[in-house]
Structures are given as C-alpha cells and as structure tokens.
Amino acid sequence: MTDTIPILKSPACIIGLGYVGYPLAQLLASNNHDVTGIDINVDRLHAISSKPRNSFTTGVVHKGVKLSNNPDLIKDASTVVICVPTPVHSDKTPNYEYLTKATTVIGNNLQPGQLIILESTVSPGTCDDILIPILEKVSGLQAGTDFYVAHCPERINPGDSYWNTANIPRIVGGINQKSLDKALEFYSSFLTSALTPVATLKEAEAVKIVENCFRDINIAFVNELAVSFSKQGINIINVINAAATKPFAFLPHYPGMGVGGHCIPVDPYYLIEKAKDYGFDHSLLTLARKINSDMPAYTVQLIQEGLEEIGLPLADARIAVLGLSYKANIEDDRESPSHHLLAQLQQLTNNVIAYDPFHKEKSANHTLASTLAHADVIVIATAHDEFVSIPTIDFKKHSVRLIVDGRNCLNKHAITQAGIGYKGVGI
Ligand code: SAJ
C-alpha cells in the first residue's frame, strides 16, 4: 500500500507538462522529490529536454524530472497530479476532452493508496461528476477508501517576476479528511506558501472560478467606463488611479483592447454552463464576457475615427498591429484579442500587418523598425516593453500618422505634441 510511505520520499507523477505542470515538476525535483513528468505530446517532451527529436528517449531525466509519454509509470507514483488544459469549444461550452482522456489513463494504472490531485481549472462538481466516476469505473477501486482524491486549483501568473509556483498561496479540498490531509502533506513538503483547506471538492473548484470571474467582471467594468467616459471627455485612467487612493474597497483594473489568455476569458464559461444545469442564468458573467469580447471591435472603431480625424481613407492606410501575445512580455497568444482585432481589420482592408518580438514567425517584418517604416497607423495591442519604450521621435521619423494605443501604454502628450494622431481606450 503506497499510502504508508512518508509523502516526502514517495514518488510523484505530473500529468501534463504545460505552463502549470512543468514548473510544478521542476519545483518537486528541486525539493528532492522523485518526480516523473508525463505528457502525451512528444514534441513537448523534446522541447523541455532541449534534445532533438531523434535523440530523445522516453524516461530521460532532465533537471531532476523523469520525462516520459509512457502512462505505465503512473503505477509507481504515490501522488498523481493532473495539470491538463481545460479550454472551451468554439461555442464556449467547457471542453473536458483532455481531462477525461488523462483520467481514463490514470484509472487504467490506478493503484490502491494513491492520491490523485486535480489542479486544472474546472466547473464546480467536475471532480464528483467526471473525475471520480471515471477513476472508479476504470479501476474498480473506491474513491476515498481505496484511493484518495483532492483538488488544488492552479494559480499562476505568467510573466510575474515575484509570484511563482513555490510562493503563491493555495487552497485545497478533498473527497474526505484523509484525502485532504494527504494533499496538505504533499503540498507542504515543497511549497513555501500558505495552504488553506476548504470543506469540499466543490468549494475548491468554485474558488478558482470565482477568482477569475471576479477579474473578468472588473475588467469589463472599466472597459465599459472607458467607452462611456471617452464620450464625456473624462480620462478613465485618471479616474481609476484617483479612485485607487481609497485604501479599502477598491481594486484597480484597467481598460484595454481586450481580454486574452487561457484563464480569464475562458473560466467564466465553466460557471455559466454549469449553472444552467441548475436552471440559473449568470447574466452578469455573460454580459462581462460580451463587453470584454467587444473590445477588439471598439478598437477598430477607434482606428476608423482616428483616420477620419487625420483625413486618411482606410483604403489608403497601411496599418501595423503591434503585439500578438495576450499580455505584456510573454509569448503566450492563446485567446489573444490581437487575433480578433486582426481578423476584423482584414475584413475591411488588405493593408494590415502584425509584429510581435515573441512571434517573429507570425510577424510580417522581422524588426520593429521595418514595421514602423511601412505603416501609417500603429495599433498597440500588447504592452510589450519593446513597444512602450519606442521614442516618439521614432514614430515621427517613420512618418507614422496615427497611433491607436490599445493598452494606454504610450505617452499621449508627446505623441500629440509631435503632430501624430492619438487614440487611447478611454483616454
Ligand atoms: N487585462 C485587462 N485589464 C486589467 C487586467 C488584465 O485588460 O486590468 C487583460 C490583459 O491584457 C490580458 C487578460 O486581461 O489580456 C488577462 O490578464 P491577467 O493579468 O489576468 O493575466 P492571466 O490570464 O495570466 O491571469 C492570471 C490568472 N491565471 C490563472 O487563472 C491561471 C490569474 O491568476 C490572475 O487573475 C491573474 O493572472 C493576475 O492576477 O495577474
């Protein structure tokens, strides 16, 4: 029975080596855990091991993590942590494909005494309704007695230089007390952060969804204010920053050309869809999603207004969108509003290109200078440092005529003083 081995010495297996699973595997390895990382995507394993495809052998240990695509290795672990993607389908309904496949594979290798922890973000009730039934059906074992189940929703902020897998506080729920205790013992063996137990698996699932719905709603609030206040000649950034001087009961969020990433624009749909099963309509969450999803279209409107103000017909304008990543100084462009903006612009004109230093393969030109040199209109979609630090004189030098600052990250005053048209989001 694997549950008699002290957790620190017992091997762990991480299923899914993405932006959550691989940092977790590395942290376990750096804390002297015997850790195996399993990913079905061999290209991912090659990328991690930085070995060319023809020289990678499954089971190779890289930086203390045994890398493999062989699910049989699950049998050897005392703790199995699931970190697979939970995206949405094109109709915005939850896509549990990755989770059900991973769970079935785990079920086929499940051993008595193992602790199964789900970290992926899911709707409340997913452990009870999907994870546990599959594990029990495939293995013939009983959850809570033969094996243990917990949910510790991942929290990670890509690009954050301070908060990381080791120090971000976490919450944990279990199917029963023994599962919860084993999960708390596991995480406390390598995390430096606070661990907060919650009463049930459902509460743990709900916490993460609530965190990210909170963020989406607050971003929608300032995005709506930005559109309203721009009509009233009020600078929304000044208003938000002044409101943020209130030391309590206000948390600043900022307007922009849209909300991207694998979390914030996705997670609310998990709650919206689950609540429908109970006959409840999350009208606020739905409206917030619509407001944020409409921001690329609002940005197109700003471009059209700016072109009219400088007397340049859209048909004659060479437009360059700067930034494909969903947020500053990272590569990830999943659900990026930049893609929605480009698609809408391409409906109106063929003369639109993109540039992102993290996506040279999707950039029309390989340098920022050549992009600026061939554009009348610059649209800032991502506040990468490379864009924020462009001297106004460079825009002038390349005869840029209009700047639409989708992240309010440039110096509006210097740009307008240089005789260049400027449109911000609410400023
Ligand atoms: N955004 C705004 N205005 C804001 C904040 C963000 O328009 O005031 C936009 C960003 O440009 C981006 C999107 O929203 O396109 C998401 O930004 P984000 O800072 O929330 O970045 P994420 O998606 O990496 O969010 C992560 C979240 N991670 C997960 O849920 C796995 C979550 O931990 C936090 O909500 C967030 O980090 C954070 O606190 O920074």
Side-chain angles (χ1 to χ4, degrees), residues 16 18-24 83-88 118-122 152-165 167-171 193 204-227 236-237 239-241 243-244 250-271 288-289 291-296 298-299 322-341 356 358 380-384 387-388 405-409 424-427:
Y19 79 99
V20 174
Y22 188 52
L24 176 61
C83 303
V84 296
T86 47
V88 287
L118 175 65
E119 286 211 359
S120 307
T121 304
V122 291
C152 181
E154 52 93 357
R155 283 175 175 167
I156 195 163
N157 187 28
D160 193 314
S161 57
Y162 177 76
W163 291 111
N164 55 54
T165 303
N167 66 6
I168 293 175
R170 305 290 293 271
I171 64 100
S193 57
E205 292 161 330
V207 166
K208 175 61 190 295
I209 293 286
V210 165
E211 287 169 13
N212 284 354
C213 287
F214 171 87
R215 192 157 176 82
D216 199 45
I217 290 167
N218 279 279
I219 296 167
F221 175 46
V222 292
N223 279 338
E224 182 174 80
L225 285 174
V227 178
I236 181 66
I237 301 301
V239 170
I240 291 166
N241 289 338
F250 185 82
L251 182 65
H253 285 70
Y254 295 93
M257 57 73 64
V259 173
H262 38 277
C263 307
I264 310 304
V266 169
D267 296 347
Y269 291 116
Y270 273 73
L271 181 54
R289 286 279 69 244
I291 290 168
N292 288 336
S293 301
D294 285 349
M295 291 313 286
Y298 178 67
T299 307
L322 302 191
L324 294 172
S325 303
Y326 79 85
K327 73 175 186 181
N329 305 320
I330 66 169
E331 179 183 358
D332 197 342
D333 68 336
R334 285 175 291 178
E335 303 291 330
S336 176
S338 303
H339 296 311
H340 298 288
L341 173 63
D356 187 312
F358 294 88
I380 303 290
T382 313
H384 288 320
F387 305 149
V388 176
D405 188 356
R407 295 295 174 194
N408 296 328
C409 61
V425 181
I427 66 170

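Bear in mind the structure is a predicted one, so any value in this text is a computation, not a measurement. Start at 1 and go down the list; that is how both ligands and their atoms are numbered.
Taking the six-membered ring where tryptophan is involved, the planes of F214 and H253 are perpendicular, since the angle between them exceeds 60° and thus also 30°.
A salt bridge does not link R170 to E154: none of the charged nitrogens lies less than 4.0 Å from a carboxylate oxygen.
Residues I156 and Y19 form a side-chain contact, since some pair of their non-hydrogen atoms from C-beta on lies under 4.5 Å apart. A 4.5 Å side-chain heavy-atom check between D356 and S325 finds at least one atom pair inside the cut-off. Within the 4.5 Å cutoff, the side chain of V227 has heavy atoms near those of the Y298 side chain. Contact check for I237 versus P255: side-chain heavy atoms found under the 4.5 Å cut-off. Within the 4.5 Å cutoff, side-chain heavy atoms of N167 are placed close to those of Y162. Put simply, the side chain of P153 does not reach to within 4.5 Å of the side chain of E205, judged on heavy atoms. Under the 4.5 Å side-chain criterion, counting only non-hydrogen atoms from C-beta, T382 is not in contact with L322.
Counting only non-hydrogen atoms, the option in A381, G258, G256 that gets closest to atom 9 (C) of ligand 1 is G258.
Less than 4.0 angstrom separates some heavy atom of I156 from each of these atoms of ligand 1: 26 (C), 27 (C), 28 (N), 29 (C), 31 (C), 33 (O), 37 (O). The atoms of ligand 1 that sit less than 4.0 Å from any heavy atom of H253 are 8 (O). The ligand atoms of ligand 1 that sit less than 4.0 angstrom from a heavy atom of K327 are 19 (O), 21 (O), 22 (P), 24 (O). Below 4.0 Å from some heavy atom of Y19 lie the following atoms of ligand 1, by number and element: 31 (C).
Close to ligand 1: E154, with a non-hydrogen atom less than 4.0 angstrom away. At a 4.0 Å cut-off, at least one heavy atom of K208 sits close enough to ligand 1 to count as contact. For the ligand labelled ligand 1, residue R407 lies inside the 4.0 Å heavy-atom shell.
Protein heavy atom in closest approach to atom 5 (C) of ligand 1: R215 NH2, 3.4 Å. Looking only at protein heavy atoms, the nearest one to atom 12 (C) of ligand 1 is Y326 O, 3.3 Å. Protein heavy atom nearest atom 40 (O) of ligand 1, with residue, atom name and distance: N157 OD1, 2.9 Å. Shortest contact from atom 13 (C) of ligand 1 to any protein heavy atom: G260 O, 3.4 Å. Looking only at protein heavy atoms, the nearest one to atom 3 (N) of ligand 1 is Y254 O, 2.7 Å. At the top of the distance list for atom 30 (O) of ligand 1, counting protein heavy atoms only, stands N212 ND2, 2.6 Å. Protein heavy atom nearest atom 31 (C) of ligand 1, with residue, atom name and distance: C263 SG, 2.8 Å. Protein heavy atom nearest atom 1 (N) of ligand 1, with residue, atom name and distance: I219 CD1, 3.6 Å.
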Given the rule in the ring-ring contact (aromatic ring centres under 6.0 Å, His included) test, do F358 and H384 qualify, once you have shown the distances and angles that lead to the verdict? CA-CA 9 Å; F358 294 88; H384 288 320; 4.7 Å; yes
